[in-house]
Q: 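Sending over a structure as structure tokens; questions will come in a sec.
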Amino acid sequence: MDTKQTVAVLLCTYNGSQYIRRQLDSIITQSWKDWVIYASDDGSTDGTLDILKEYQRKIGAERFNIVTGPGKGFAWNFISLLQKSGDKYPWYAFCDQDDEWMPEKLAAGISLLSNSNTLVPAVYCGRTRLVDENDHYLGESPLFEKKPSFRNALVQSIAGGNTMLMNHAARGLVVKTPQDVAIVSHDWWIYIIITAVGGEIIYDPTPTIKYRQHNGNLVGSNTGWMARFKRIFGLLDGHFKEWIDVNLLALNKMTSEVNAENKVILANFVQARKSGLFSRVKIFAKLGLYRQTFPGTLGLFIAILLKKI
């Protein structure tokens, strides 16, 4: 099988039988026809595995691989699947079990990634179209217009893993993640590590997937004023600080990959978190960290004052 133009679609599943057929059908009907599926099931008990095997028979085992997940949660299921799928593909796309891809999803990402230097880690990601359990349109995820960067990644994740398509160089970097570290979420971690090494994040303002909102979602919608208030409150309730602790522990084990400029930013970020009020504010002000919206940046400033970061 010639894989020079092939996308490895990395589908992670866990008790997803209700919607997974729609997702699989949306992969099959992509305008970009050169793909192979790797499905990692993390212990489903609801018939998901039977559906995967059904589609494997339909598509053929050469294009539909089924593996067993590591049993360490959704984030590590995705990262482990990057490892298990091998390094022979030019592109790798994360895929959630209950979404649906629009027909041009893969083609859009490949078109933009193809303009990047193949030796530089690059990730395509973007907005999502939100739908409910019955496929009714609910709106779109927030539009982020500030440039993606390490200064943003340290304090915010800007795109869902379900939108991410990465090049071969990005895959090679992410699989270096030590298996003994905790990961808050694979999408945030990828944003952090790609920008930390000076890689490229391509954010697409045009949605290419339908992101289904339902009670079983691990991560739900982030639209509307209530969601904004929740995000701001989340900066102050202690969870945000804990998440950053986890991210920094993982980064600490990959500092050899971080470029010189971002090593300085990282060292100052760590120092600021330990400092007293005036030093903390002074260092953070010089760092120029930011979130993508004004309310988010305001919440970040308050979190800095209250040492909740």
Side-chain angles (χ1 to χ4, degrees), residues 6-28 35-89 91-101 123 125 157 159-166 170-193 209 211-212 214-220 243 246-247 249-250 253:
T6 306
V7 183
V9 177
L10 309 182
L11 170 64
C12 289
T13 63
Y14 177 73
N15 289 344
S17 61
Q18 186 173 0
Y19 301 110
I20 196 168
R21 290 179 187 277
R22 294 186 186 184
Q23 177 63 294
L24 289 169
D25 289 340
S26 75
I27 298 170
I28 293 170
W35 47 259
V36 59
I37 296 173
Y38 286 86
S40 178
D41 188 75
D42 224 10
S44 294
T45 57
D46 70 339
T48 297
L49 197 53
D50 291 333
I51 296 173
L52 293 178
K53 290 177 180 177
E54 173 194 330
Y55 275 78
Q56 185 184 54
R57 290 191 295 270
K58 182 190 303 183
I59 296 171
E62 185 183 46
R63 297 191 74 190
F64 198 119
N65 305 270
I66 302 174
V67 301
T68 301
K72 294 167 61 177
F74 73 98
W76 264 110
N77 198 7
F78 277 106
I79 293 175
S80 70
L81 193 49
L82 264 181
Q83 298 165 337
K84 292 175 181 176
S85 58
D87 67 351
K88 61 184 177 181
Y89 304 103
W91 302 291
Y92 297 79
F94 285 151
C95 182
D96 283 4
Q97 64 188 7
D98 45 11
D99 300 329
E100 286 183 65
W101 286 2
V123 175
C125 59
S157 178
N162 55 353
T163 70
M164 287 183 169
L165 176 74
M166 68 184 69
R171 182 261 175 201
L173 173 66
V174 176
V175 297
K176 292 180 181 179
T177 304
Q179 295 191 12
D180 62 343
V181 303
I183 300 295
V184 175
S185 65
H186 58 293
D187 41 24
W188 193 1
W189 171 242
I190 288 170
Y191 183 28
I192 289 172
I193 195 61
I209 76 163
Y211 181 19
R212 196 172 310 282
H214 58 84
N215 292 333
N217 270 21
L218 285 170
V219 182
W243 293 338
V246 172
N247 290 338
L249 284 173
K253 294 200 173 186

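As the structure is a prediction and not an experimental result, all values here were calculated from the model. Values reported hereafter were calculated over all heavy atoms of this structure, with side chains retained and with hydrogens, waters and symmetry mates removed.
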Q: Between N15 and T45 (side chain of the first, backbone of the second, donor and acceptor by atom type, cut-off under 3.5 Å), is there such a pair?
A: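 At least one qualifying donor-acceptor pair exists.
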Q: Is the shortest heavy-atom distance from the side chain of I193 to the side chain of K176 under 4.5 Å?
A: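 No, too far: nothing below the 4.5 Å cut-off.
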Q: Below 4.5 Å, heavy atoms only, C-beta onward: do Q18 and D98 meet side chain to side chain?
A: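 Contact flag for Q18/D98 side chains = no.
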Q: How about R63 and W35: do any of their side-chain heavy atoms sit closer than 4.5 Å?
A: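 Sidechains of W35 and R63: in contact.
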Q: Do Q83 and S80 have side-chain N/O donor and acceptor atoms under 3.5 Å apart?
A: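 Not at all, the side chains of Q83 and S80 share no donor-acceptor pair under 3.5 Å.
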Q: Please report the shortest heavy-atom distance between D87 and R171, naming the atom on each side.
A: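 Of all heavy-atom pairs spanning D87 and R171, the closest is CB-NH1, 3.2 Å.
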Q: Tell me, yes or no, whether the heavy-atom count around K88 atom NZ, taken from other residues, nucleotides or ligands under 6.0 Å, exceeds 12.
A: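 No.
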Q: Looking at every non-hydrogen atom in both residues, tell me the closest pair between Y211 and N162 and how far apart they are.
A: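 Heavy-atom minimum between the residues: CD1-ND2, 3.6 Å.
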Q: Under the side-chain contact (heavy atoms from CB on, under 4.5 Å) rule, collect the residues that match up with D50, sequence neighbours excluded.
A: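 D50: no side-chain contact (heavy atoms from CB on, under 4.5 Å) contacts found.
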Q: Could you check whether atom OH of Y55 has more than 12 heavy atoms from other residues, nucleotides or ligands sitting under 6.0 Å from it?
A: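 Enclosed.
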Q: Nearest 0.5 Å, what's the CZ-CD1 distance between F64 and I37?
A: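 Spacing of CZ (F64) from CD1 (I37) equals 5.0 Å.
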Q: Compare all side-chain heavy atoms of V9 with those of W101 and state whether any distance is below 4.5 angstrom.
A: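 Yes; the side chains approach each other to less than 4.5 Å.
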Q: Would you tabulate the side-chain donor-acceptor contacts of residues 68-76 under 3.5 Å, counting partners in other chains and residues two or more places apart, or write 'none'?
A:
{"residue": "K72", "atom": "NZ", "partner": "Q179", "partner atom": "O", "Å": "2.9"}
{"residue": "W76", "atom": "NE1", "partner": "V181", "partner atom": "O", "Å": "2.9"}

Q: Just by modelled atom types, is the S44 backbone N or O under 3.5 Å from a matching donor or acceptor in the D41 side chain?
A: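 Checking the backbone N and O of S44 against the side chain of D41, a donor-acceptor pair under 3.5 Å is found.
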Q: Measuring only between side-chain heavy atoms, which start at C-beta, is M166 closer than 4.5 Å to L82?
A: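 M166 vs L82: side chains touch.
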Q: Could you go through the side-chain contact (heavy atoms from CB on, under 4.5 Å) check for Y19 and R212 one step at a time?
A: CA-CA 9 Å; Y19 301 110; R212 196 172 310 282; 3.4 Å; yes
Q: Could you report the tightest heavy-atom contact between T48 and G16, atom names first, then the distance?
A: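 Smallest heavy-atom distance, with atoms named: OG1-N, 2.8 Å.
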Q: Below 30° counts as parallel, above 60° as perpendicular, anything between as tilted: where do the rings of F78 and H186 land?
A: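 Aromatic pair F78/H186 classed parallel.
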Q: Are any non-hydrogen side-chain atoms of I79 and W189 less than 4.5 angstrom apart?
A: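 Counting from C-beta outward, I79 and W189 do come under 4.5 Å.
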Q: How close do Y14 and Q97 get, counting heavy atoms only, and between which atoms?
A: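 So the minimum-distance heavy-atom pair works out to N-OE1, 2.7 Å.
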Q: Calculate, to the nearest 0.5 Å, the distance between atoms CD1 and OG belonging to I190 and S185 respectively.
A: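 Nearest 0.5 Å value for the CD1-OG distance: 9.0 Å.
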Q: Tell me if the CD atom of Q56 is crowded by more than 12 foreign heavy atoms within 6.0 Å.
A: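 Yes, because the 6.0 Å sphere around CD of Q56 holds more than 12 heavy atoms from other groups.
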Q: If you define the side chain from C-beta out and look only at heavy atoms, does anything of F94 sit under 4.5 Å from D187?
A: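 No, their side chains stay 4.5 Å or more apart.
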Q: If you look at every heavy atom in D46 and S17, which pair is closest and at what distance?
A: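 Shortest heavy-atom contact: OD2-OG, 2.8 Å.
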Q: Excluding sequence neighbours, so at least two apart, what forms side-chain contact (heavy atoms from CB on, under 4.5 Å) with A159?
A: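 Expected list: C125, T163.
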Q: If we ignore hydrogens and angles and just use 3.5 Å, is the side chain of Y92 paired with the main-chain N or O of Y89 as donor and acceptor?
A: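 Yes, the answer is positive, given that a donor and an acceptor are paired below the 3.5 Å cut-off.
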Q: Atom OG1 of T13 and atom CD1 of I51: how far apart are they, to the nearest 0.5 Å?
A: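 The CD1 atom of I51 is 9.5 Å from OG1 of T13, to the nearest 0.5 Å.
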Q: Which heavy atom in K253 sits nearest to a heavy atom in D180, and how many Å separate them?
A: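 Closest approach of K253 to D180: NZ-OD2, 2.8 Å.
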Q: Measure the CG-CG distance between N65 and L11 for me, rounded to the nearest 0.5 Å.
A: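 Separation between the atoms: 11.5 Å.
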Q: How long is the gap from CD1 on I183 to OG1 on T177, to the nearest 0.5 Å?
A: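 Rounded to the nearest 0.5 Å, the CD1-OG1 separation comes to 5.5 Å.
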Q: Would you compute the distance between atom CE of M164 and atom CD1 of I209 and round it to the nearest 0.5 angstrom?
A: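 That separation rounds to 11.5 Å.
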